[in-house]
Amino acid sequence: MTDKKVRVRFAPSPTGGLHLGGVRTVLFNYLFAKKHNGDFVLRIEDTDQTRYVEGAEQYILDCLKWCGLNPDESPEIGGPYAPYRQSERKALYREYAERLVMEGHAYYAFDTAEELDKNRKEIPNFQYGQAYRQTLRNSLSLPQHEVDELLAAGTPHVIRIKMPEGETVSFNDMIRGYVSFETGLVDDKVLLKADGMPTYHLAVVVDDYLMKITHAFRGEEWLPSAPVHLLLWEYLGWKADMPQWAHLPLILKPDGHGKLSKRDGARLGFPVYAMNWFDAKTGELTPGFRELGFLPEAFLNLLATLGWNDGTDQELFTLDELIEKFSIERVNKSGAKFDFEKAKWFNAEWIKKSGAESLKLEVAKVLAEKGILVEDQEYLEKVIKLVKERCTLIPDFYQQAGFFFEQPKEYDLNAVKPKWTDAKTDFYNTYITQLSAETATDPHELETKFKALAEEKGLKIGDVMLPFRVMLVGGKFGPHVFDIVALLGKDETISRITKALVEFTAA
RNA sequence: GGCCCGUUCGUCUAGGGGUUAGGACAGGAGAUUUUCAUUCUUCAAACAGGGGUUCGAUUCCCCUACGGGCUACCA
C-alpha cells in the first residue's frame, strides 16, 4: 500500500434493482474508505445502451441514501473527476484503445456477431484468442491495405486486446492472496465495441486510473477477467498506479446452489433487492427489504456479517462500529448462502435496540397505511416502548400496537364464549363501576385491585384475565394486560369492556 | 469441455500443529409468563476423502471428490 489517499468506487450498471450482494459491495467499499479516511466514489457504468433501464440510476442513488452510505463523489453531486457516468465519458476511451492498437497490444476485428456465433456453435471450445485469431477477420490476419480499406469504408469493427502467449499474470488479492493465470488460455476480450462504447474491461481500467482509485472491490465473478485488466494496466503504462484488488465472495442461494438471484427471492419468499423495484417494461414489482419492514441498520448489519466478522462473538454492529472494526483481511474467501431467518433475527434485534424515538416515523407510516392517524406523538412513543420487543418487521407494529389507537373490530370469540358465565358478566359490570371511580394509573395497582375483585367474586384470576385481554385487544396477543389498561386510560377501557360485553353475552 | 476460486454443526461463522473444536440463527426440551413474544437454562449438531510433513494434524503441503464462478460487441 502506498501513502496515497484511499479512494474506492462502487460501479454499478443501471440495469435494474440493486441486489443485496451489490449493497454488500457498497458497504465494504464504504467501510474501507471511511476507515482509512478515504473517498467513496459512485460511478455509473452505463456502457451497454441496450440494457439501460430508465430510473435504475435514481433507484441506486436512493438505495445508498436509505442505507446511509453516501458517496463523496457521484453523478448526482459531482466531484473533481466528473463526469461519473461512463456514457458521458465515451469520447475518452477510444483514444486509449487506439493507443493499444498502435503499440501492438490490441487489434481491429471485423467479424460480425453472427460469424462468431457460428464459430462458437461449430467449433468445440472456440475462443477468440491465439488459436483462432489468424483465421478470423481482423487487423492481425488481414493484409494492411485491406484493413485500411475496411476502416476507411467505415466497416463496423471492435477493438480486441491481443492476449500474449505463454505468460503468467499474477497478483495478490487482498482476500484470496496469490492468484495467477496463463495468458494463452484467456481470450481476446473486446475493449471497444462497434458503437464506440468501451466494454467494462477497458472502462474499468481507464476510469479507475483517471479517478485515482487505490483499492478495487468487486464480486468474485470478476476474477476470471482479472488478467485482462492487469495486462491493460501494464500496457497503458500505469502499472505503478494499479489499485489493489479484492474479490468478494458471492452470496449464494439458501437452498440448492448457485449465486442468489431475484428469482430466488420470488421462489422462496424473501426480498433480494434493497428496495422495491418496479420494472415499467414488464410491470413486474420486485420486493425490497425496506418495504418489507427492515431497518437500514439491520440490513447493513446482516450484510456486513455475511462474509465478514471481527473475530469475536459480537454480531450486532452499528455503522460506526463497523467502520472502526472492519478489515478486508477478515473477509472470508468462500461464498455464503443467504439465510432469511437470520436476516429477520437481525431486524428484530435492531428494533429492540432502537429507541422509540427513532422508530416513531416508520411505525406511524405503517399505522397510517392501515388508516390509523397518530396525533399524540408521546403516546406513540409509549406504545412503541411497550411492544417493540414483540416485533420482527416494522409492519408487525400494526398487529402489536394498532389496538392502542382503535377499538378491536372483531373478537376472538372462540377463546371466550365457550367458557362464559353469568358470573363473569356480573364481574365485569362491577369492575366497570369500580374503574369509573378509579384514580390510580399505575399498572401494578390496577392489577392488584382487579385481582382483589375477582377473588371477592369467587372467580379464578385466569378466568377473567383472558376475556379482559380479548376485550381490549380483540385476541390473544399483546403486552401485559394492565400495561394496556394504563396506557388506554380508564374511560377507553370501560368503553371497550362495555362494547365487548355485548358480543360476549349475545346468544 | 477449458480456466479460476473455494470446502469447520442444517445455515452464518470462530479457531488453529497438542482445544471437552467456541458462538449465533434455525430445531428439540425445560423455566418464567394470565395471551403471545421477550428473557433464561438446556440438548442435539461440524473439521469432505486420501496421501504426505511432524512426536503429533482439523490446522501446513499434494492429490482426489464435491461446490461455485467465468467462458458475450453484459456488467
Side-chain angles (χ1 to χ4, degrees), chain A residues 11-15 45-48 50-51 109 111-113 116-117 120 124-129 156-160 173 175-176 179-182 184-187 189-201 203-204 218-227 247 249-250 252-255 257-259 302 305-316 330 332-346 348-349 352 387-392 396 399-400 412 415 447 451 460-470 473 475-482:
Chain A
S13 143
T15 53
E45 308 224 338
D46 55 350
T47 54
D48 185 353
T50 63
R51 293 211 308 156
D111 320 86
T112 64
L116 294 177
D117 280 345
R120 275 188 268 268
N125 294 335
F126 172 80
Q127 188 167 256
Y128 208 124
H157 62 278
V158 300
I159 292 179
R160 288 179 180 272
D173 189 277
I175 293 171
R176 272 144 232 287
V179 182
S180 72
F181 303 84
E182 299 305 317
L185 269 10
V186 180
D187 61 337
K189 290 267 187 288
V190 170
L191 266 20
L192 200 76
K193 300 186 260 189
D195 66 1
M197 278 287 191
T199 59
Y200 171 82
H201 306 296
V204 73
R218 59 181 8 172
E220 192 189 343
E221 70 265 31
W222 289 108
L223 209 40
S225 56
H247 290 87
L250 266 16
L252 277 11
K253 302 175 195 293
D255 65 341
H257 308 288
K259 56 176 175 175
L302 74 93
T305 53
L306 212 50
W308 172 87
N309 70 82
D310 75 338
T312 74
D313 285 343
Q314 184 173 350
E315 299 208 71
L316 265 19
R330 290 204 62 90
N332 278 301
K333 292 181 178 66
S334 50
K337 289 184 185 166
F338 180 66
D339 181 355
F340 189 52
E341 290 307 316
K342 184 115 187 201
K344 284 192 289 191
W345 174 79
F346 272 109
E349 290 301 313
K352 278 188 268 183
V387 305
K388 70 191 172 96
E389 66 269 15
R390 334 168 79 83
C391 298
T392 300
D396 293 346
Q399 153 87 344
Q400 295 298 333
D412 182 354
E447 181 169 353
K451 284 179 174 171
K460 277 195 278 185
I461 309 291
D463 289 343
V464 284
M465 197 62 87
L466 183 68
F468 193 21
R469 166 179 297 283
V470 178
V473 313
K476 294 191 281 183
F477 57 87
H480 291 289
V481 171
F482 289 92

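The sequence lines fix the lettering, A, B, ..., with proteins before strands; numbering per chain opens at 1.
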A:V387 meets the side-chain contact (heavy atoms from CB on, under 4.5 Å) criterion, sequence neighbours left out, with A:R390, A:F397, A:Q400, A:A401, A:F404, A:P479
Taken in chain and number order and not counting sequence neighbours, the residues that satisfy side-chain contact (heavy atoms from CB on, under 4.5 Å) with A:D48 are A:T50, A:R51, A:K193
Residue list, ring-ring contact (aromatic ring centres under 6.0 Å, His included) with A:H157, at least two apart or on another chain: A:Y108, A:F110
Sequence-aligned protein contact record of nucleotides 28-34 of chain B, with B where the base is within under 4.0 Å of a protein heavy atom and S where only the sugar-phosphate is: -----SB
Short heteroatom pairs, N/O only, protein and nucleotides 44-47 of chain B, under 3.5 Å:
none

Mind listing the N/O atom pairs, protein and nucleotides 39-43 of chain B, below 3.5 Å?
residue, atom, partner, partner atom, Å
B:U39, OP1, A:K352, NZ, 3.0

Given B:C74, is OP1 or OP2 found less than 4.0 Å from the side-chain N or O atoms of A:T15? no
Pull out every protein N or O sitting under 3.5 Å from an N or O of nucleotides 1-3 of chain B, one pair per line with the distance.
residue, atom, partner, partner atom, Å
B:G1, O2', A:N125, ND2, 3.4
B:G1, N2, A:N125, OD1, 3.4
B:G1, N3, A:N125, OD1, 3.0

Contacts of A:I461 that satisfy side-chain contact (heavy atoms from CB on, under 4.5 Å) - sequence neighbours left out: A:K451, A:A454, A:M465
Counterpart residues, ring-ring contact (aromatic ring centres under 6.0 Å, His included), relative to A:Y128 (two or more places apart): none
Could you write out each protein N or O paired with an N or O of nucleotides 7-10 of chain B at a distance under 3.5 Å?
none

Quick one: side-chain contact (heavy atoms from CB on, under 4.5 Å) partners of A:P227, sequence neighbours excluded? A:V169, A:F181, A:V186
Return the set of residues passing ring-ring contact (aromatic ring centres under 6.0 Å, His included) with A:W222 (not counting sequence neighbours), or none when no residue passes. A:Y200
Would you please confirm or rule out a distance under 4.0 Å between OP1 or OP2 of B:U38 and any side-chain N or O of A:K388? no
